[in-house]
Every structure is written in C-alpha cells, then in structure tokens.
Amino acid sequence: MSPRLQFAGISKLFPAVRALDDVSFSVGAGEIHGLLGENGAGKSTLLRILSGVYRPTAGSVLIDGQPVTLNNPVAARAAGVAMIHQELQQVPRLSVAQNMFLGHPLTRGGIFVARSEQERRAAAALAAIDPSIDPAAPLGSLKVAQRQIVEIARALLDRARIVAMDEPTSSLTPSEFERLAKVIAGLAREGVAVVYVSHKLDEVFGICKRATIMRDGAVVGSVDLAQVSEKSVVAMMVGRELAQEQHRAHATGVVRLSVRGLASATKVHDVSLNLNRGEVLGIAGLVGSGRTELLRLLAGADRASSGTIEIDGKAVRFSGPRDAIAAGIGLVPEERKREGIVPLRSITSNMALASMGVFAPRGVIDHRRLKRVAAEKMKRVNLRPFLLDRPIRLFSGGNQQKAIIGRWLAAGTRILLFDEPTRGIDVGAKAEIYRLIEELAAEGHSVVVVSSELPEVIRLADRVLVMRDGTVAAELDRASLSEQAIAAHAIPQTKMQNGQVHAGSSAGPQARQ
Amino acid sequence: AADLAPLNSDTEKDRIDWSQLEAKFGAFPKLPDGTKAGAVSKTLTNEYWRSLGEGYKVFGDRVGVPVVYQAAQSEGDQLGQLTIAEGLVTQGYNVLLVSPQTDSNLQPIMEQAKAANVPVVNVNDAVIPQAEHYVGNVQRDNGVRVAKWFIKNRPNGGKVAIVEGQAGVYASVQRTDGFKTTITEGGKFEVVASVPGNWDRQTSYDAATNILQQHPDLIGFYANNDGMALGIVEAVKAAGLQDKVAVFGTDGISDAYASIRAGELTGTVDSFPVLTGEVALETALRLVAGQKLPRVVATPQALITKDNADRYSGPDARKALLEDAAVGQ
Amino acid sequence: MRDAGTLIGLIVILAVFGALVPGFFAERNLINILQQSSINACLALGMTLVIISGGIDLSVGPTAALSAVISASMLVAGVAFPLAIAAGFAIGLACGLLNGVLVAHVGLQPFIVTLGTLSTYRALALIYTGGNPVLGLPAGFRAIFNGSLFGLPLAVIIVAVVALIAWIILKKTPFGEYLLAVGGNEEAAYIAGVPIARTKIAAYMISGLLAALAAQILIGRLGAAEPILGNLWELDAIAAAAIGGASLMGGKGSVVGTILGAVILGTMRNGLTLMNVQSFYQLLATGLIILAAMLIDRVTRGRG
Amino acid sequence: MRDAGTLIGLIVILAVFGALVPGFFAERNLINILQQSSINACLALGMTLVIISGGIDLSVGPTAALSAVISASMLVAGVAFPLAIAAGFAIGLACGLLNGVLVAHVGLQPFIVTLGTLSTYRALALIYTGGNPVLGLPAGFRAIFNGSLFGLPLAVIIVAVVALIAWIILKKTPFGEYLLAVGGNEEAAYIAGVPIARTKIAAYMISGLLAALAAQILIGRLGAAEPILGNLWELDAIAAAAIGGASLMGGKGSVVGTILGAVILGTMRNGLTLMNVQSFYQLLATGLIILAAMLIDRVTRGRG
Ligand SMILES: Nc1ncnc2c1ncn2[C@@H]1O[C@H](COP(=O)(O)OP(=O)(O)OP(=O)(O)O)[C@@H](O)[C@H]1O
Ligand SMILES: Nc1ncnc2c1ncn2[C@@H]1O[C@H](COP(=O)(O)OP(=O)(O)OP(=O)(O)O)[C@@H](O)[C@H]1O
Ligand SMILES: [Mg+2]
Ligand SMILES: [Mg+2]
C-alpha cells in the first residue's frame, strides 16, 4: 500500500535562495512524523507547498499514491490537507468561530452564516485543548497562546487526511502541549497522517515515532526516534556535535537596576527587584502572570502607574522606549513580527534602527561604518544566510531574532530584556543565543530573561523571580532552583488544591479568586 | 411647466432688452409689505458671482427689499447648490434668483417653487429648460465679439488658440463655439489649438506656454474667463511675445480691467455682473408685484479694450450702456 | 455599541442647529435632510464595503455620470424604463468590474486605479454626450424615483432598503465575513481559502452599482442627466464612511455608522444654509466639523 | 534598480509623443516639460515622505493657497522679500504641524484629517482675501523665482535641489530610516526607540513647507496669488508618488521614482496640448496613461 503522504523530489527556488533541494520522504496513514531542522532549513516552506500556499519549482506531492495539484489553499484543503501555520493566520476583528470557519463558513440556506452552529462546533473542537475560550469572542481579544489554540482547533475541524503542524506549541505551556498530544494521538488512531514541526525536541520525541531531519533545504535523513538519542538528532540538524554547556555565572555585587513598587494600570502590581552588573535574572511564571507587561514597563513601552526605577543609583522616568534606550535598556520583544521587525527593510536597517544617533554623528548616516558594524554584529550572532541588504521579512524567525539582538548590541545597551528569546528558534540557534547571553553578562551587561521554558530559565539564570498574578511571588537563587520549585510558586494555590494544573487560561479572574 | 417649450435663452423670441424695462412696464411698482428675496449662485470664489451679488444688494437697498445671497462651495458642487436652493424655498422667500451650476441641477426647485407659488428667475449662465424667466446675456456672444475684433483688427488673419474652461460646462462650450465658428468663417484664421484650462490660471499658463512654443507665429488667444486670460498674459510675457500676441478674456473682472489699462491684457468681454444683478432683482420684484414680463430679459455685454475701458467702468457705465442700447448695439 | 460616538456627534450637531435655527426640527425640514443625505448615503454604503475590503473607490462620481447619461439617452430614445434602468445598472457594474479586476487580478493600488478610472469614466461620459446634458426624461420615469411613501420620499426609502441589505450582507453573509477578512488580514484570508479576488471585485461592483442607483435617483429628481454629474462625490462618500468609523486601512467599517456619517454631513449643509452662513464660512465649518466628528468618535471609541 | 519600471514608462511616453509631435524633442520643449512638472514634483516630494510614513496629505493645495495669499499680501504691502517669503514658509510649516499633530498625537486617520484641513485651509485663504486674487507682486520678487541658470529655469533648479535633499534625507539620515520604519511597522519602530510622533509630524511639516515653496514658485510665475490656487494638486502629487512606486500602505517610496512620476504626468500634459487633443480626449488620455504607467511599473517591478 502506498503511503498516505509522499514528497517526491520537491525543490523550491526563491530569488537568490534555494529553500528546498530535492526533498523526498513519506508519511504513512496513522503516523505522526516529526520534521526537524534549524531555522531556515526549509520546514515551513515544505509545509507551505503541501498546503497550497507556495508552488514547488520542481517535484510533486502524492497522496495515497496519487499525484495531487496543490495550486492554492482551497485545492489543498479539498485534497484533505489541513495545516497549522507557524505565523498565526487570523483576522482579529472576526470572532473565534468565524476565524475557524473562515473560507468555508457553515450557512443556513446557503445565504446566511450559521453563527450559532459554527460556534457550537468551534466550542466542541476547542474543548479538547482549552474549553475556556469563548467561540463568540473577537479573536483580537485573545492572548497569543489562546490564539494558537484556536489555530490548532481550526485544523481539527476539517477531518483532514493529512494534518501539518508548523510549530503549533511555540506559545503553549507544557500542560497545554499534553492535551494537544492526546488530540494528535487521537488523530493518528483515526488514520490521519500528521507532520509535526517543532524546535522542542522533547515534544517530538514524546509523540513521534519517526522523524525526518533537514539541513539547508535538503533531507539529511529519516530516523526512528526510538533508536537514536536527542544528541545525535541535534548533530544531524546542525551538522556538528553541540556541546552541552553548563551555566556560568558572571554576576557582580554592583546593583545596576533597582525597581521599587512598580505597577501598571492593568496587570502588574507592586514589583520590586534588583538587577546586578553581569547578572542574568530569570523571570518565570504562567502565561498571563504579567511578565510581558513587566518587561514593557521596564523598557518604557508602557507607562507605569506608580513605583520607581533607578539605574546605577540614579532615578529615571520613561515616557517612551526612547528614554529607556537612552538609559541603556533594550527590549527583545515576544511577538517578533508585530513588535520586532520592519519587514520591508534590510537586516542592516533593522539592526541600526535603535542607534541611528551612533551611526549618524553629524546628522548623516556613515554607511561605511554602518556596514562594518552590521557585518561584525551579524557575524557575532551568526546570521544565515549572510545577506545584510536583504529585507528581513525573507529571513526565518530565528534569524530575524538574531538581527533584533544585534540591534541592541549595536546600540551599546547595558540592560537587555529578553521576552521569550528562543520562541520558535532551533536548538543550534538556541545554543548560540544562550552563549551570546552569557558573553554579554561576562562583558558586564545585565540581562533579564522571561521564558516559559523552565529548562531555559534554569540553564541561563543566576537568580529567578517567579511571577504570579502580576507580582513577584518568590525569588529563587541558583541553589534552590528547580522546575518543581518554580512551578510550586507559579501556580495559584486554588488550582493546586483542585489538582488541576492548567496554565493556558489562568490569566482570567479564576486565577485571582 | 409641461406647456412651456424648453428655453433657449439665446434665441427665445419672447424677450426684452434691459434698457426697455422702464419704458414698457413703467416705474418700479410698489411691493407687498415684507417682501424678501433669496438668491443662489455658483460660487463666491469667482469675482463675477460676487459682483452679481453686489448688484442684488445695490438694487435691494435701493427699493428696501432684503436679499439673502448664497453660493455653493465650488463650481462643481451641484447637489450642494440644490440643497441651498431647497433651503431658500422652505424659508419662504417671495422670489428666488438662481444661477444654476448646470442646466439641470436646480430643476427640482422649479417644481417646489411652483408648488409654493414663488416665482423663480434664472440669472445667467446655465439655462434651466423649464425656466419661466431668464435674465442674462448671450453666452455664445462672448466668443463672437472677440472673434469679430480679430476679424476687424487683424485683417490678414493668422493662427489663434482657445483656452477653454472646465470640460462640458455650458458657458465654456457656448463661448468656445461662438468664437470658433465666427473666426473660421472667412477662412483667414486658423484655430491651431483649443485646449482645456479648467478655469485655472496655472493650467492656462502652462497650456499657453506649450502652444506658443509650437506656434511662435500665433497672433491671439481667446480664454473662456479672465483668470485664465491673466495666466496666459504671463505666459506670453515670459515668451517675450507681448507685442505680437493679443489675449482676450471673458467676464470683465476688476483685475482684467487693471491689466487692460496696464496694456497687458488686450481685452475682455464684460457682461456687467453688477448691472446684471440689479436688472435681475428688478425683474424678480416686478414679477412679485404681479407684472407679466417677457420670458427673457437680455442684459448687456461689451468688448472692453484699452480704448474704451474707462467708458465702461466707474459711475458712468450704466449711462454708457444705455447709450449703447439706444443705438441698438 | 460601536456607533455610539457617531450618534453622539449627530445629536450634538442636531442640538446646536436646533437651538440656532428656528423651524429646524420641522418635519418638512427633517425630511429634507434625509432626502438631501440620501444620494451621499447610497454612495457611501458602497464605499464602506470597498473600504472594509482594504480599498477605496474614487471613481464613483464619474461612474454615476456614465450610468446616468446612458440610461437617460435610452429613455429619451423611447426605450422601456426597466431596460434603460437595467442598462444604467449594468454600466455601474461594468465600471466596478474594471476597477476590481485592476485591483484584484493585476494587483495595482486601489487609490491609483480609481484615480485613473475617475478621469477615464468622466471622459467617456463627456465624449458620449459631446458634453451636453441629456434633457427631457419621460415623466413616468421621473415618477418612479420621485414619489413618496408613508410621507417619506421614495429616494429615502430606497436608500434605507439598500442600507438594510448592506447591513445584512456585512453581518450575516459569508461575503461580509470575506470582506472583513480580506481587509483585515489578506494573507490569513488567502490561506483560509477566502476567494480574495472575487471578494474585492464584488465590493467594487457593488460600489459601481450603488453609484448607478444614486445616478438614477438623481436624474429622476433633476429630469436630466449631465456628463459632469457627480463631481467630488467621492470625497463626501469617503468622509461619511470615515466619520462612521470605517478605517482606510481596511478591515473595519459599519453600515449604521456610515448612514449616521452621511446624515451628519447632510444636516450640517442644511443647517448652515438655513443659517445663511456665507459660503466661505460654510467651507470652514465643513472642515472643522469633519475634524470635530472624528475627534468625538476618537474620544468615545478610545484607541484603535 | 527599483525605479527602472517608472523610467521605462517615461521612455515609452516620450517615444510615443516624439513620434507623433514634430519638435517634441526640441530643447525648448524639454525645458518646458521640466518647468511645468516642477511644481507638481515639489509637492510630490513632500507627499512621498508623508506616504512613506504611512500617511497621506490631501491638504497641499489649500496649504499652498494660504501660504501664497499671505506672502503675496505682505509683498504688496511692501514687506521685504525675505520676510514675506519666510512668512509663507511659516504658514506651510504651521499647516503641516496641525495635520501632523492631529495624526500623530490625537491618532486620527490621515486621510480624514487632511480632508478636514483641506476645507479648513481653503476657507481661511478665501476668508483672508475675500475671495479676490492678490495682484501686483513686485517685479523683484518675481525675478527671484522666474530667472534661469545655465539655461534652466530657476524653478527647475530649485526643485532639483529639493529632490536632492529629499533623496539625502531618505537615504542618508536617521530621519529617513525613521520614516521608512514608522510606515513599515509602527509598533516595531516604537519599541526600537523611533520617535514616532516627531517623525510623522516632521513629514507633514515638510509636505507643508514644500507646498509653500511650490506656492512661491507659482505666484512668482503668475504674478498673482489666488485663494483658489492649488485646486486638486493633491491628486496630481499622489499620482506622481504612486506612479513612482510609493505604496499608500506606507513604508515604501522613492524620490527618484516620484520625480520620474511627476515628469511622466508633465510630459503627458505637454504632449497632449501640443497635439491639440480635444479636452474630453485629454481627460481620457490622462486616465489611461495613469493606468498604463502603473501597469508598466507593475510588470517590470514584479509582485510586491
Ligand atoms: N517568500 C520567501 N522569499 C524568499 N526567501 C524565502 C521566502 N520564504 C522563505 N524563504 C527562505 O527560505 C529558507 C527556508 O525558510 P523556512 O521558513 O522554510 O525555514 P524553517 O525551516 O521553517 O525555519 P524556522 O525554523 O525558523 O521556521 C530561508 O532561507 C528563508 O529565508
Ligand atoms: N497592551 C496589550 N494589548 C494587547 N495584548 C496584550 C497587552 N499586554 C499584554 N497582552 C497580551 O496578554 C498576554 C499576557 O501578557 P502578560 O504580560 O500578562 O503575561 P506573560 O506572563 O508575559 O504571558 P506570556 O507567556 O503570554 O508572555 C500577552 O501574551 C500579550 O499578548
Ligand atoms: Mg518555519
Ligand atoms: Mg509574555
């Protein structure tokens, strides 16, 4: 019997880039197949071909042995393919249910949208992962994690023969992933072929039997995950062994940033913290615990309603990010596409945006110097492909992130605030970013890392603050640092008592009961 | 209104010259108490229409009738003008004087006013076919008069050019046609260009520059209004051809007179808006008083050049025009 | 309610004129305001759909003119009313189709496409008529659009029905969702399988159709069709939609808001005229009231 | 080169007119074309910066008019040239400032803000002059803008210098980067410390300043300042910028492209006049050429 899904010699050329080069592998019915590779390896491009968004330059896709023409998303859907895209593909002003049925709404008499029926079915599909999401709410009112769940639920509605998932869990917590894993297993039992892309190797090892590994647009090999170690898979992905690095502390006793009683109008209450020179401060907490908001206050992006901030003993007030940048603070934001990049502009321009004063000392930009610095910083962050004049929108997420980090390196920032720095970023780049953060600390920078991945926090932080309901619930130093300790402080007591550790929807009022 | 033939103000037989009003219908009659008049014209951004309003006011003051004078916001604003006119009908004026943007945009007013038993006088320019009363000059005649000047003063003929107003506007079409037809009759003149100036000084300047460059032997321009003519004058000066090229405008605004006196603009066809306004209000009020007047009251116009500019401006203009009328010009 | 800001704006303006102008609230005058707003409202509804889809239609005036002169010359030539009206509508649809195809299939910017067709359609109307108005429309035809029902002018009722249909389209049909999706996030809409091109083209065609309807109402009222009819209509229609909360970035707009916007503009013209405000000051008031309406909307609606 | 498409469009149009109109390529005529394009080019440069920042400025014409009548009446009253010119520029800056503040600080939509100020500024110009043109500008003043240098009209040289400055601003200064960033992704620009409000306000102020400059050039040429000057300038300026590759969605635009766009429009008008094309057909040609220029650009530039 022919496999459910087969890629046969797929190549894809973009102007100046060969994104895919003769990719062939297949996925059987009922199989959950991992697809692994570094940023820019071509995973998304392959899945976008499968879902009809791109057309391959060469090669074909076969379903149940039959070649299929996937000229557009509608054709792909008709062929039984459902896809969860890496970038959220949603219309904020429409409701959750309208988004889920977008393009193929249920109708009454073929004329009117059957809203209540849509909402009923949407609720049923959402129930498996997060029943708290209201299908009638405008999608724009949801948090990123919830929006991602909507995206997943939408793919489940289709009763497809093939489900492609491109980083479906980049914003999800482990407990949400567990629910998703059950759903995926259910799909597999029904004979659906699932292609699963994730940079979280533990997830892939957890739910996939086999995985295909890509590098630079080509297949490196397919492996039986029961037979190989994570380490060897990583080696295949990056083409070399990654040394497992240990935490190294560079913290000094000199306080650089001191925050007292900081609060915002909405989510942050009475936060006090110190950050030392050379220190990496981790901030953990559940989704919605106010970490992003805290960073935005520190970066001057939102206005604090009360509290003080001192840098090197001097009180500062921020009326915008500009003031914070001038004081030496830079934010690497959580939503890269929305808050990070200027898509049409080059890597160089994106990098230089925060330090124009430096590159234009006499009002005119010194392009030679700018080029030199860009080349230097982008080498340091290991940009790939190394095309500094190419619009940033054409780069993979990981490389966009590197450019944003380069932005703050170029600006001479002393306090770096990372919000989920490795979301959607591969193991290789992850290791590079960890190394970068440590180097920065060693140079005397002070770093704050907000992350939902506890291993990441533990790997990087000299000290960890755990946030809960908008305030600091606990401070853990390295000696007392463990995933269990963090979780114990992060989860509201009521939930512990109910025994239902469910992070995804904990931002709402129930968390504050 | 169905029984009235559509009005052609230029050819209508049932007409009277303005100078004959008093002779034929007697001294100005007594009006009912509280008579008030409402007027709406095209736009106040053009001096012509402001002067018309001045005429209304002058005559209104003379006979003690308050006149409300409004105008649309621009020459293209057809519905805005209709709104204004409808407002005047509802406010209960005893007579309306309207200068419509186009031949039809104030049509509904005719019906509403008839229902409210208010006479309507169509004053100049566009002609409402159903209009029962029209006061104004003959648009076509503007162009004809300029053409006749050329025929008389440039007996050898030559190349001439026209700069038109907004495409499709009545006054523009008529004036252009009058000039073109008359000047080409004898076969001596050639209209080498007839291009849009859109009532705009700058557009006309550019058009004139291009035409002069292509036809350096051009002998004259005719522009559908004075603003455009003054733009052309500047282009002619910039090309250093002011002694060779005659430039004519239309309307007789004060700037045109100034330019004529300064020897720059060759001439304009003045249609005496202030006088027209006076005559129009007089006609309207005679109607209110119950007189039966001919359908068209013709107002004067004259070709103004440096030689006669003084005669037609200032306090004696009315006298001069009455003299002209007497000799039947 | 999302349109509260616009409603407050309207109420403020009504109150001001009511206080300043005696007889402003007379039934007759209120009907006048509705009638005078109806043509702009009709165009603004089509414009709202186009704006929601992320586009703009500057060519509504010339589309109306072309439709008007062609219908009118058929009527004058004795063609049956339904046929002549249908021809006018067909012209409107065709004009919209061309706009839509250039935007959706060729991928040109809506502003520029309709700026180009603005001149093109106007020129065609002028060439077709030689610049002359088409006069003498049959009384029977004029009666169709000139009548009244329950004391309301038929034009007002027709536009009210159009508004209701537009509201249903936007709120209740897949096409309405598609419009919001295409204007809100075109890439997401494409990936979800929304027929992008068809949706955009349909929006422009509806706009063209409503321009043609406005043209029929107007020539019924005027008894003549002119090739220069509809000058600057696009600005009023856009202003009405924007005052009503439509965002020119696409993805956002409201039928109720647009109707309120058109009535605000109509009320303002009516009130200023009744107050005999001189035209330069009327222009000033128009500008200031557009700004004020947007400010009120801004304050009541909050950011975004 | 990104502007190749626009250049090809220009070459095609030049070739067509060259073939049809004898003497089209005469030096004198080419200079005419440049001179006649210069005012639109001046405005279009400001418009380009505004469009890149994600906005639009519909008020350029009335801004120019207000600046023109105020400068002119000062000149006629005998004020020294530099002072009168400076006052005109100050008016342009002030008009731009108001637009910019309403857009950047109050957060209103640029289209609507400048639609409102379009009426407001025009009304102010009309009220200030009572609707009359200001005549009798001193010959000395006129000579400033009417002279020529190396055989080129001074107006052309001034605008060329302005274009060079605009090019430098866009390519070589932080402000240029800020404009592109604000128009390209405002949220990201904000986080990166770009002074959003100041950048937008500066763009509108430059647009107002260039409108004022255009006004000075024009009144120098015509010898009179009219309150109705600059009618529909905004459409020409937007057309030039768009033909030159600016995207009305913001974040994209080119100084060279805009200049080419303005010259395309100027060439067209010049060529059609020289061919003595009747006005209706000129209008038709204008519309078709705008569409054709966009199509050529589209084909040569490819998607996006
Ligand atoms: N539209 C495009 N135009 C040009 N190049 C593109 C385009 N889309 C992707 N690429 C390039 O193709 C390559 C593969 O990108 P792709 O997004 O498939 O990587 P990926 O494996 O999904 O990476 P990530 O893990 O970061 O999501 C990259 O070099 C990227 O820059
Ligand atoms: N001003 C805002 N406007 C819209 N959404 C916001 C705003 N601030 C925060 N959010 C959303 O609310 C979510 C919760 O933010 P918050 O800062 O409270 O939590 P967090 O701990 O950072 O959670 P997460 O893990 O999602 O980053 C964020 O993901 C963000 O998308
Ligand atoms: Mg990817
Ligand atoms: Mg967060």
Side-chain angles (χ1 to χ4, degrees), chain C residues 51 54 56 58-59 62 98 102 106-113 115-131 227 232 235-236 238-239 241-243 246-250 278-295 297-299 303-304, chain D residues 51 54 56 58-59 62 98 102 106-113 115-131 227 232 235-236 238-239 241-243 246-250 278-295 297-299 303-304:
Chain C
I51 288 177
I56 197 161
L58 301 180
S59 73
L98 178 59
L102 288 173
V106 187
L108 304 183
Q109 298 186 45
F111 195 99
I112 306 305
V113 165
L115 188 62
T117 56
L118 167 83
S119 300
T120 308
Y121 299 160
R122 175 71 72 205
L124 292 178
L126 286 165
I127 291 169
Y128 179 76
T129 57
L232 298 184
L235 292 187
D236 274 355
I238 293 168
I243 290 174
S247 158
L248 289 146
M249 305 305 286
Q278 193 249 358
S279 74
F280 298 168
Y281 291 91
Q282 282 208 21
L283 191 63
L284 184 65
T286 311
L288 293 178
I289 286 182
I290 289 177
L291 295 176
M294 296 306 289
L295 278 172
D297 186 57
R298 187 76 189 67
V299 171
R303 275 243 160 229
Chain D
I51 288 177
I56 196 160
L58 301 179
S59 73
L98 178 59
L102 288 173
V106 187
L108 304 183
Q109 297 185 44
F111 196 98
I112 306 304
V113 165
L115 189 62
T117 55
L118 166 83
S119 300
T120 308
Y121 298 161
R122 176 71 73 203
L124 292 177
L126 285 165
I127 291 168
Y128 179 76
T129 58
L232 299 185
L235 293 186
D236 274 357
I238 294 168
I243 289 173
S247 157
L248 289 149
M249 305 304 287
Q278 194 247 341
S279 66
F280 301 166
Y281 291 92
Q282 280 211 21
L283 196 60
L284 184 66
T286 311
L288 294 178
I289 288 180
I290 288 177
L291 294 176
M294 295 305 290
L295 277 172
D297 185 57
R298 190 70 191 68
V299 170
R303 274 247 159 223

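Residue numbering restarts at 1 for every chain, and letters A, B, ... go by the order of the sequence lines. Only heavy atoms go into these numbers, but all of them, side chains included; no hydrogens, no water, no symmetry mates.
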J.: What closest approach, in Å, do Ile127(D) and Phe280(C) show between heavy atoms, and which atom pair accounts for it?
T.: CG1-CB, 3.7 Å

J.: Checking Ser279(C) against chain D: side chain, backbone, both or neither under 4.5 Å from a heavy atom?
T.: neither

J.: Is Ile289(C) in contact with chain D via its backbone, its side chain, both, or neither, using a 4.5 Å heavy-atom distance?
T.: neither

J.: Could you check whether atom OH of Tyr281(D) has more than 12 heavy atoms from other residues, nucleotides or ligands sitting under 6.0 Å from it?
T.: no

J.: Counting distance only, does the side-chain N/O of Gln109(C) pair as donor-acceptor with the main-chain N or O of Leu248(D) below 3.5 Å?
T.: yes

J.: Who passes side-chain hydrogen bond (donor to acceptor under 3.5 Å, both in side chains) against Asp236(D), sequence neighbours left out?
T.: Arg269(D)

J.: Just so I understand: if I count every heavy-atom pair under 4.5 Å between each of Leu115(D), Leu126(D), Thr120(D), Leu284(D) and chain C, which residue has the most?
T.: Leu126(D)

J.: Non-hydrogen atoms of chain C under 4.5 Å away: do they reach the side chain of Ile238(D), the backbone, both or neither?
T.: both

J.: Looking at Ser119(D), Gly54(D), Ala293(D), which has the largest count of heavy-atom pairs under 4.5 Å with chain C?
T.: Ser119(D)

J.: What distance do Leu124(C) atom CG and Thr129(C) atom OG1 have between them, rounded to the nearest 0.5 Å?
T.: 10.5 Å

J.: Between Leu118(C), Ile112(C), Thr117(C), Ile290(C), who has the most heavy-atom pairs with chain D when the cutoff is under 4.5 Å?
T.: Ile112(C)

J.: Please check this pair: side chain of Arg122(D) against backbone of Ser59(D), looking for a donor-acceptor N/O pair closer than 3.5 Å.
T.: no

J.: For Ala241(D), is it the side chain, the backbone, both, or neither that has a heavy atom closer than 4.5 Å to a heavy atom of chain C?
T.: neither

